[in-house]
Number of protein chains: 2
Amino acid sequence: MAATIKDIGRVAGVSTATVSRVINNLGGYNEETEKKVMAVAKALGYRKNESARSLVQKSTNTIGVIMPDVATTFYGDIINGLEDASYENGYSVILTHAGINGCRIHESLNLMGERRVDGIIIVSVELHEAEIEALMSLDIPFILLSTKTNREDTPYIKVDDFSAAYTAVNYLIENNHRVIGMAGANPDDPIAGTPRINGYIQALIDHEIKVDLNLIKAGDFSFESGKKAMQEFIKDQAPITAVFCASDETGLGIISICFENGISVPNDISLVGYDNSTVSYMSIPPLTTVAQPFYKMGSEGCLKLIGSIQNKTKIDSIVIPHELVIRQSVKKLS
Amino acid sequence: MAATIKDIGRVAGVSTATVSRVINNLGGYNEETEKKVMAVAKALGYRKNESARSLVQKSTNTIGVIMPDVATTFYGDIINGLEDASYENGYSVILTHAGINGCRIHESLNLMGERRVDGIIIVSVELHEAEIEALMSLDIPFILLSTKTNREDTPYIKVDDFSAAYTAVNYLIENNHRVIGMAGANPDDPIAGTPRINGYIQALIDHEIKVDLNLIKAGDFSFESGKKAMQEFIKDQAPITAVFCASDETGLGIISICFENGISVPNDISLVGYDNSTVSYMSIPPLTTVAQPFYKMGSEGCLKLIGSIQNKTKIDSIVIPHELVIRQSVKKLS
DNA sequence: TTGTATGCGTTATCAA
DNA sequence: TTGATAACGCATACAA
């Protein structure tokens, strides 16, 4: 039932070409016809049909976003950032989950292809070779956010997890901590797991502190991981004075167990978290943590992608700086 | 460069009509041609063009979601739920922010109209008359999630905030609390503010407890609101034994100030939160709180919408049950 | 400044 | 079982 430019043309007594020109204000018509066309368009409640426009222009003004199943709760600010940036540039965002462990990623990519999105953003999903091939074969500009691959030709924006972890542990060492545990990282996760563990280890090595593998408690970045890690530390009677946590939630888990056992943070044990998530400033004490600029990652990534779409340029990967947000969970040892 | 059904037809030596039939497996062709067509399609790397399909079918298999600027961080699970449900039913999700205070909502609605989405989901945005009109005039099925209007013809799914608040306060009363404060609700928010305040008041009245307006500390559901409220309670020397918090974050704010002042939760003061957000179980003590089934709201709402799209039926509003999640922030008084 | 005509990639109707 | 062909709503090259 919706009115088309044909309808407008008929009523206004002009051709569809003229209507199209006016609607898109391309100029080249006198004021009178413009007014008439606009008036009729309004009267008829005209709304342009993006599908038709996309078909002829071969561009959908749409950006496809693929994110892991937990992204909205966890990386929400990335979504916010990229949605804002795309909105401001006249792009719409179409969103799909990659499913648990990326099991839906092929379907997602396929969908993006059929929808002819102008660009693709992949958030925090680990891509294997087959998936990279599928992505590249779409021949659509793309960028990875908070993840990367081992190939050179897949542009990304992310924090350097290794050096962020290094910074965090280094800060603990600067505060004279010498027996430092690590908790919550998943050693099977090549994106967020091993680099953080390695950063932790490297910081110790660089300060000639012996690395004790018993002090590394693996996990899955969760609150529960933190609880479990701390319980083990206690059981082990580990002589730690500080723990580097692979996520803020893990840090909160540790705090929780400490509280139960009358261990004071930071007096008895110091903590550095990772993410600067909303929970980090609500804990007791507020958590010193590594900040990843999620919102900026989203907006910047989106902007880069749009630039690449419009200028057909290649996107350079960038390592976005992390920041140590100092709150009150680390005590300076004398 | 992408191959079209025409290309396939040419190469395979059949008409576009046949190609289309095979691609959509509509039947009515012999196995041989099917094989040939499929082979050529694969060889050419054919991907169907959704824009073209949408144009002729007058349906985009797309659901538009409009959410407030904080939705992804706060109502993330709603997004998860509706994305899952739409995916399973072959719909894509297109996402936009309504902007701060819904300032972008008209543009968002316009966008949904131009994109010819098959249905619209509006999450937690307060709609005024003009916006309702704009929404209705699109003539696209829609549903509101975690919000409602004062009109009958705008279907929604939400928790009954009044009765949820009532439940929370009632629980405190059952535990023999008699001087109960309230914190964090915005009295200007007709969706999440006043109903919770009114539920609080009603629960008191029903138990013949005097309502003291000084015990109601307004706010904006934030952590800061909680801190401020508690600071005021302390300054007022309010004889409260419990506080009903309009959000979990507000509850955490209160805990934080209590801790600073050596006030024990729940020994000195009991707390009930609202939302059952991830922070609620990470606090010390874990927060007793009112749970809103966000994921289910998203999936259920999406399902209802899809049903309405496909069967052209009207959607019934439903009040989804809330639940009191009992943890450890309430002490039973003797 | 305006109009005519064509094509974008599909689906769908009709006829063969 | 297949093919020709007309839409779908729009943008645009070309002509007037």
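Because the structure is a prediction, the values reported are computed rather than measured. Labels below follow one simple rule: chain letters A, B, ... track the order of the sequence lines, proteins then strands, and each chain is numbered from 1.
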>> Regarding B/Gly13, tell me which of base, sugar-phosphate or nothing describes its non-hydrogen contacts under 4.0 Å with the strands shown.
In response: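 Sugar-phosphate: the residue B/Gly13, judged by heavy atoms under 4.0 Å, touches backbone atoms but no base.
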
> Does any residue of residues 16-27 of chain B have a heavy atom under 4.0 Å from DNA chain D, and if so, which ones, in number order?
Replying inline: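 Correct list: B/Thr16, B/Ala17, B/Thr18, B/Arg21.
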
>> Give the residues of residues 30-52 of chain B touching DNA chain D, defined as any heavy atom closer than 4.0 Å, sorted by residue number.
In response: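 Contacting residues: B/Asn30, B/Thr33.
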
Nearest whole Å is fine: how far is [N] [atom2] from [X] [atom1]?
X        : N      : atom1 : atom2 : answer
A/Asn61  : D/dC10 : CG    : C1'   : 14 Å
B/Arg53  : D/dG9  : CZ    : C1'   : 15 Å
B/Gln57  : C/dG9  : CD    : P     : 17 Å
A/Leu55  : D/dA7  : CG    : P     : 17 Å
B/Asp7   : C/dC8  : CG    : C1'   : 13 Å
B/Arg10  : C/dG9  : CZ    : P     : 11 Å
B/Arg116 : D/dC10 : CZ    : C1'   : 11 Å
A/Glu114 : C/dT10 : CD    : P     : 10 Å

> Is any side-chain heavy atom of A/Leu82 less than 4.5 Å from a side-chain heavy atom of A/Leu145?
Replying inline: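 Touching, per the 4.5 Å side-chain cut-off.
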
> Quick one: do A/Glu114 and B/Arg53 make a salt bridge, cutoff under 4.0 Å?
Replying inline: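 Salt bridge absent between A/Glu114 and B/Arg53.
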
> Does B/Asp84 pair with A/Arg104 as a salt bridge, N-O distance under 4.0 Å?
Replying inline: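 Answer for the salt bridge query: yes.
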
Side-chain donor-acceptor pair under 3.5 Å between [X] and [Y], yes or no?
X        : Y        : value
B/Thr96  : B/Ser108 : yes
A/Ser124 : A/Thr147 : no
A/Ser92  : B/Arg115 : yes
A/Ser86  : A/Asn89  : no
B/Tyr46  : B/Asp7   : no
B/Thr18  : B/Ser15  : yes

> Between A/Arg151 and A/Glu133, is a salt bridge (charged side-chain N to carboxylate O under 4.0 Å, His left out) present by the stated rule, with each step listed?
Replying inline: CA-CA 11 Å; A/Arg151 290 171 52 154; A/Glu133 286 304 331; 3.1 Å; yes

>> Would you say B/Lys58 places a side-chain N or O within less than 4.0 Å of OP1 or OP2 belonging to C/dT11?
In response: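 No, because none of the side-chain N or O atoms of B/Lys58 sits under 4.0 Å from OP1 or OP2 of C/dT11.
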
> Taking five pairs at each end of the helix from C/dT1-D/dA16 to C/dA16-D/dT1, what angle separates the two helix axes (nearest 10°)?
Replying inline: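 Helix axis angle between the two ends: 40°.
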
>> To the nearest 0.5 Å, what is the distance between CD1 on A/Ile140 and CG on A/Leu305?
In response: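 So the gap between those two atoms works out to 10.0 Å.
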
> Roughly how far, to the nearest 0.5 Å, is the CD1 atom of B/Ile143 from the OG1 atom of B/Thr154?
Replying inline: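 If I round to the nearest 0.5 Å, the distance is 10.5 Å.
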
> Taking the side chain of A/Ser15 as heavy atoms from C-beta outward, which of D/dC8, C/dG3, D/dG3 is closest to it?
Replying inline: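 Between D/dC8, C/dG3, D/dG3, the one nearest the side chain of A/Ser15 would be C/dG3.
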
> Of the candidate nucleotides D/dT1, D/dT12, C/dG9, which contains the atom at the shortest distance from the side chain of B/Tyr29?
Replying inline: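 The answer is D/dT1.
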
